[in-house]
Engineer: 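Dumping the structure here so I can ask a few things about it.
The residues of the chain are indexed from 1 along the displayed sequence.
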Amino acid sequence: MTTAPTAPTAPPLGAIIYVCTTCRRNGEADSEPRPGALLAAATREAAEGTGVAVHFIECLANCNRGPSAAMRCDGSWTYVFGELAADVGPALVDGARLLASAPNGLMPWRGRPEPLKRGLIARVPPIGFAEEQP
């Protein structure tokens, strides 16, 4: 019996994208599927074979600026994005890969996908971070 070849899988990068599946645009009527669920599905599809993990979550508490997503890597800053379009899944994956390759744990501005420049809500320092005092 022969088995079909499987697509090559990239090694895990340690990059994780969290996408809120319940997000909708501020003031938009409640409808299904929610824009956040569409974004989550597009992001998971874009991440296939890249080594970037995508997790669906129910809320990022950024309801006034949804749809929302966050990304992090071990030892890196966590980035939260909002007002994302449903088709920016590939940009989120590119941003997560950029963050995973950043030696200082900060996503560089240069090379960052445009939706991640416009939609940045916050960046949160990693656990154990201590900024030097002047």
Engineer: Is the closest side-chain heavy-atom distance between L92 and V54 below 4.5 Å?
Structural biologist: no
Engineer: For the atom pair CG (L60) and CZ (R65), what is the distance rounded to the nearest 0.5 Å?
Structural biologist: 13.0 Å
Engineer: Any sub-3.5 Å donor-acceptor pair from R34's side-chain atoms to T21's backbone N or O?
Structural biologist: no
Engineer: Quick check: closest heavy atoms across P35 and P67, and the distance to 0.1 Å?
Structural biologist: CB-CG, 3.7 Å
Engineer: Does atom CD of E58 have more than 12 heavy-atom neighbours from other groups under 6.0 Å away?
Structural biologist: no
Engineer: Same cluster or not: are I57 and V93 linked, directly or through other Ile, Leu, Val, Met, Phe, Trp or Tyr residues, by side-chain heavy atoms under 4.5 angstrom apart?
Structural biologist: no
Engineer: Could you pull out the closest heavy-atom pair between P126 and S76, with the gap in Å?
Structural biologist: CB-O, 3.3 Å
Engineer: Please name the pair of heavy atoms, one in I121 and one in G82, separated by the smallest distance, quoted to 0.1 Å.
Structural biologist: CG1-N, 3.4 Å
Engineer: Evaluate the side chain to side chain contact (heavy atoms under 4.5 Å, CB included) criterion for residues M107 and R123: first the C-alpha distance (whole Å), next the side-chain angles of each, then the deciding distance (0.1 Å), finally the verdict.
Structural biologist: CA-CA 10 Å; M107 185 188 305; R123 68 177 195 190; over 6 Å; no
Engineer: Do L116 and L38 share a hydrophobic cluster (ILVMFWY, side-chain heavy atoms under 4.5 Å, transitive)?
Structural biologist: no
Engineer: Minimum heavy-atom separation for A42 to A86, with atom names?
Structural biologist: CB-O, 3.5 Å
Engineer: Should Y79 and L106 be marked as a side chain to side chain contact (heavy atoms under 4.5 Å, CB included) after you check the CA-CA gap, both sets of side-chain angles, and the distance that decides it?
Structural biologist: CA-CA 9 Å; Y79 286 78; L106 292 168; 3.6 Å; yes
Engineer: May I ask you to decide if K117's main-chain N or O and R112's side chain share a donor-acceptor pair within less than 3.5 Å?
Structural biologist: no
Engineer: Where do L84 and P115 come nearest, in terms of heavy atoms and distance?
Structural biologist: CD2-O, 4.2 Å
Engineer: Show the nearest heavy-atom pair for residues A15 and A100, with the distance to one decimal.
Structural biologist: CB-CB, 4.2 Å
Engineer: Let me know which of I16, I17, V124 forms a side chain to side chain contact (heavy atoms under 4.5 Å, CB included) with R72.
Structural biologist: I16
Engineer: If you round to the nearest 0.5 Å, how far is OG1 of T78 from CG of L99?
Structural biologist: 8.0 Å
Engineer: Under 30°, 30 to 60°, or over 60°: which ring-plane class applies to W77 and F129, parallel, tilted or perpendicular?
Structural biologist: perpendicular
Engineer: How many angstroms lie between atom CG of N64 and atom CD of E83, to the nearest 0.5 angstrom?
Structural biologist: 9.5 Å
Engineer: Kindly indicate, with the supporting measurements, whether the criterion side chain to side chain contact (heavy atoms under 4.5 Å, CB included) is fulfilled by V52 and M71.
Structural biologist: CA-CA 10 Å; V52 174; M71 66 180 64; over 6 Å; no
